[in-house]
Every structure is written in structure tokens, then in C-alpha cells.
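This report refers to the structure that appears directly beneath it.
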Amino acid sequence: MSIIEPKTLPGFLELLPEEQIEFNRIYDTIRKNYERAGFVPLDTPLLEYEEIILAKAGGETEKQIYRFKKGDTDLALRFDLTVPLAKYVALYFNQLSFPFKRYQIGKAFRGEKPQKGRFREFYQADIDIIGDGELSIMHDAEIPSIIYKIFKELDFGKFTIRINNRKVLNGFFAELLEEEKAREILRIVDKIDKIGKEAVALELQKLRVEKENVEKICSFVLIKGTNEEMILRLESLGIKNEQFTLGLLELKNVIRYATLLGVPESHLNIDLTIARGLDYYTGTVYETTLDEHRDIGSICSGGRYENLAEYYTTKKLPGVGISIGLSRLFYKLMEMRIVEPKNRTMVDALIIPMGEEALDYSMNILKRLREKGGKVCISYDKKGIKQNLNYANKQNIPYVLIIGETEMNTNLLTFKNMREGTQEVLSIEDIIKKLS
RNA sequence: GUGGGUAUAGCUCAGUUGGCUAGAGCGCUAGAUUGUGGCUCUAGAGGUCGUGGGUUCAAGCCCCACUAUUCACCCCA
């Protein structure tokens, strides 16, 4: 029989046990914090009718969508979690209560050329708050507090939540030039952090923006200071544009209430260069970076949008949400060794029965320890104590229980600490205490 | 879509201006007196050098094609 070469598709991430354990730790932390903030879980299908997925898509995204035909049905794999959410909310509108707060952590697919840290199959961890007709700006303020709690707990080092408001930008640009151009400019300005002021100025000139305006745009966008200072600066610019004024008020509120919710100023900065590529953000926008690893890019981003489900319902559904690109984040963290695999197993203790005679006794011990919530396993396959200890060692199992004739006679078990290399003879009650 | 790089053991890679039985480290297996792992030492297994063609007395090395893979740009999370 010929052997088929085992291989995984490029752009698809597959982890070893010790890596997966770390991945799940991050996953669980995010999930726990989402739930703590009152978001309900949602799990929509990976596959949808093609027309659902394609409704919003266009241009670059559309080319990247995986599409299938099964029988006469056209199918597509979701490329984010927002489109399925839009469909879901439109579909179950009458059965949901609003504001609808949901989280979803799941896989999405994009058939683009794989690159370092960019995958064709990747996890996103999203929260969104959807309103029926209207949605208070206070929700925009709550989002940073959730981001703050998550990354505080994950402890990847100092991070900064950058915040901006599209209305402020749009209002400012509207005074200078026509709307179409403003949109393109936003995309370029968004990159200023990455490519620098000069490169941005150059690209703007290519767009045939007048020199005078290039200067204005750059110096506006690069206004720096504390949040309070920046708001004062923006107010003092004397721009009499309705959008601008509204945006500024929103920004002010978001900062104020996010602070009240416990996000320290050190972790929350107004940054006028943040624009986000996506067109559908209309108000608050967020981007979070690790201070010591700015090169990783944004680890969490999102914003406020006016109308979630316009393609699927006539209802107006404004929302605000964020997305953590979990696969990419994890990959980068591993690469930079901010996250390092530790254990290959979930097991706290391994029972080693010395021979057949010890099996009955060992099984009873296993049963009792598991009943007490211990993550305990028993070894059947390895021969001899040497092989068993080696097995435990390779997987970083912290404790080993040796059960042989002596132990059975005395009812005291040999309890070995693999890390310290020490061992003692203990009753099962003492072992339960040690493991809990 | 555009432009580069790479392809040799399970993994990471050496391999000189082409030269005779293709190497290292890690990992794996076994042993160093039969209930004690990690460290050390010893031994062993494991490769039609991506595929096809060409040049040559001789190709892992040079040339061509194909395939795979990877990085960057574009765009995005």
C-alpha cells in the first residue's frame, strides 16, 4: 500500500499540544471577559448561502471568498463574523432583545496569498452591540474597558488603546475637499504610523492634494497631547462643521466614561491617525497595540457603524464592536516569544502502577482523585518505572504517584514531585490536598 | 495581481572553483547490574539531495522547465 504524504494546506494553522494549550488559555481569557461584560455566545455556521456572504463584499474581499457548489446550491465560507451576525440579527429580529450584545469566537476564511502571520483560516474573537434604530454612545465607552480588562489579564506587556472618531476626520476634511477624496485620504493617513509622515505626504501629493492642504492634514492628524489637551486643541480650531462638532462631542464622552469605567489615561489615547481601512465605520474607531511591539500591528480593532444589516432588512440597526484577530495575535506572540509553550498535557499527576497486581488498587485511587476534581491519569502502556518517569518528564507532568507492593500494604503512596525531584510517602487524603 | 528567496535525515541547516562510501546539531530508539526521569557518556535507526530533462569522464553543486513552499508589496484582521 502506498503512503499518502501527510501535509497541511498552506495558510492553515495547526498547533502542537503545548501550543494549543497556550492558545486555549488566551481564548478562554477572552471568552470569560466577554461573558463577564454581559455578552451572550453565538455560533453561526461556517458555510452560508453564497448570496448572503457576497451581499456586502466587493473588490478585493470578494476575490478572496471561498465558494462552493453542492448540487444546485451555491455556498460560501464566511470571511468574517460580522456578515453572519448581520444575517442572524435580521433573521431573528423578533426573537431578540435590543440592545443585542453577542460575542462570537470562531474561524473565518480568506483565500488570499498566505504571508507571515496571515492565514487563510483564522480565528476572530468579536463582540458587537446592536441597537434597534438607536444605540447610545455609552456603549462606545464600554468597549475600551473590556479591551483593557482582557489585555491586562493576558499580561503581554503595556498596551495602548488608540481611539478616534470618523466624524471628526470627515468633518475636518469636508472643509478642505470633496468627500470621495477624503475617503482615500483616510486610508493613507491611517498608515502614517507605519510609513511615516514624509511617505504619507508624498502619497497625498500623488493624489493631487494641494500642497497647502497636505500640510494642514498632516499637522492636524499629528496633534499630540493628553486626551484633555487634544480635545481642547480640537475645540479651539474653530471648525464650524456639524459633523466635526458632533464627532468631537462623542469622542469627549467616550473618553470620559471609559475613564469612569476604570481605563487609565495611560492606556487610552486619542490618536487622530487612526482611521481604519473599512468604509463602514462611521463614528468611534479603536485600535490597540502593544507598546513594546508596535510592529505586531493592531491586536484588536473595531468601531461604530451606522447600519449593520442593510442588505438583509429594512430595519436600521446601528452597532459598535471590536474584533481580536486571534490567530494572527497568537502567531506573533509565539514568534516574539511573548508567549511560550510550557506543558504538553493538562495532567497534574500520573499514576504508575507497578505491574498487574497494582492495577485494581491504582484504578480505585484514580477514581477517587478524579472525583475530587484532580486532573489525573494512569499509565498502562509504558513498561518499568524508568519509561514512565521519562514519559511524565517529557510532558512536564508535575507529580507522579507510584503504586506497588509496599504502597498497597501500607496504604501510603509514593508521591513524587517531578520538578523538584523530591518525593514523599503520603496518604490519599494528603495527596488530594496537594493536588487541589 | 507584482517582485524576490528557498527546496539535502522527523526538525533546523552545513556541503568549498563540480571529484570518489552525503554531514552536524536537535529529536527518536536502546544501553551504562533488574522501583526513580531531567544532566552526562556510548551505540543505533533514519536521505533515489523536490520532479523531469540537459551539459560533463563525473552533478547535491552548473543550465532549462515544472512543481511545491516562503517572504515582501497591494489589500486587509
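Since we're looking at a predicted model, the values are computed, not measured. Lettering follows sequence order; numbering is per chain, from 1.
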Task: Aromatic ring proximity A:Y123/A:F330, centre distance under 6.0 Å - done: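 Here the rings of A:F330 and A:Y123 have centres that are no less than 6.0 Å from each other.
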Open item on the list: Taking the ring of A:F415 and the ring of A:Y399, is the distance between their centroids below 6.0 Å?
Closed with: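 Ring centroids of A:Y399 and A:F415 are less than 6.0 Å from each other.
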Decide yes or no, distance alone: a donor-acceptor N/O pair under 3.5 angstrom between the base of [N] and the side-chain of [X].
| X | N | value |
| --- | --- | --- |
| A:R118 | B:rC75 | yes |
| A:N390 | B:rG37 | no |
| A:K416 | B:rU36 | yes |
| A:R110 | B:rC76 | no |
| A:E407 | B:rG35 | yes |

Task: Lys/Arg cation over aromatic A:F122: A:K107, 6.0 Å, 45° cone - done: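 Negative - A:K107 is either too far from the ring of A:F122 or too far off its axis.
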Open item on the list: Applying the Watson-Crick and G-U wobble criteria at under 3.5 Å, what pairs with B:rC62? Answer none if nothing qualifies.
Closed with: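 By the stated definition (distances under 3.5 Å), B:rG54 pairs with B:rC62.
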Task: OP1 or OP2 of B:rA72 under 4.0 Å from side-chain N/O of A:Q115 - done: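 Indeed, a polar side-chain atom of A:Q115 lies that close.
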Open item on the list: Tell me whether the side-chain N/O atoms of A:K113 come closer than 4.0 Å to OP1 or OP2 in B:rU70.
Closed with: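 No.
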TODO: Could you label the plane-to-plane angle of the A:F172 and A:F220 rings as parallel, tilted or perpendicular, counting under 30° as parallel and over 60° as perpendicular?
DONE: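 The arrangement is parallel - the two ring planes meet at less than 30°.
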Task: Sugar-phosphate only, base, or nothing, as touched by A:F119 at under 4.0 Å among non-hydrogen atoms - done: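 It contacts base atoms.
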Open item on the list: For a quick check of understanding: with a heavy-atom distance under 4.0 Å over all strands, which category does A:F122 fall into, base, sugar-phosphate or nothing?
Closed with: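 Here A:F122 touches the bases of the nucleic acid.
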- [ ] Would you mind reading off the distance between A:K382 atom NZ and B:rC28 atom C1', rounded to a whole angstrom?
- [x]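 A:K382 atom NZ is separated from B:rC28 atom C1' by 12 Å.
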Task: Atom-pair distance (CG on A:N393; P on B:rU36), nearest Å - done: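 Rounding to the nearest Å, CG of A:N393 and P of B:rU36 are 15 Å apart.
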TODO: Would you indicate which nucleotide in B:rG35, B:rC76, B:rA30 comes nearest to any side-chain atom of A:Q387?
DONE: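 It is B:rA30.
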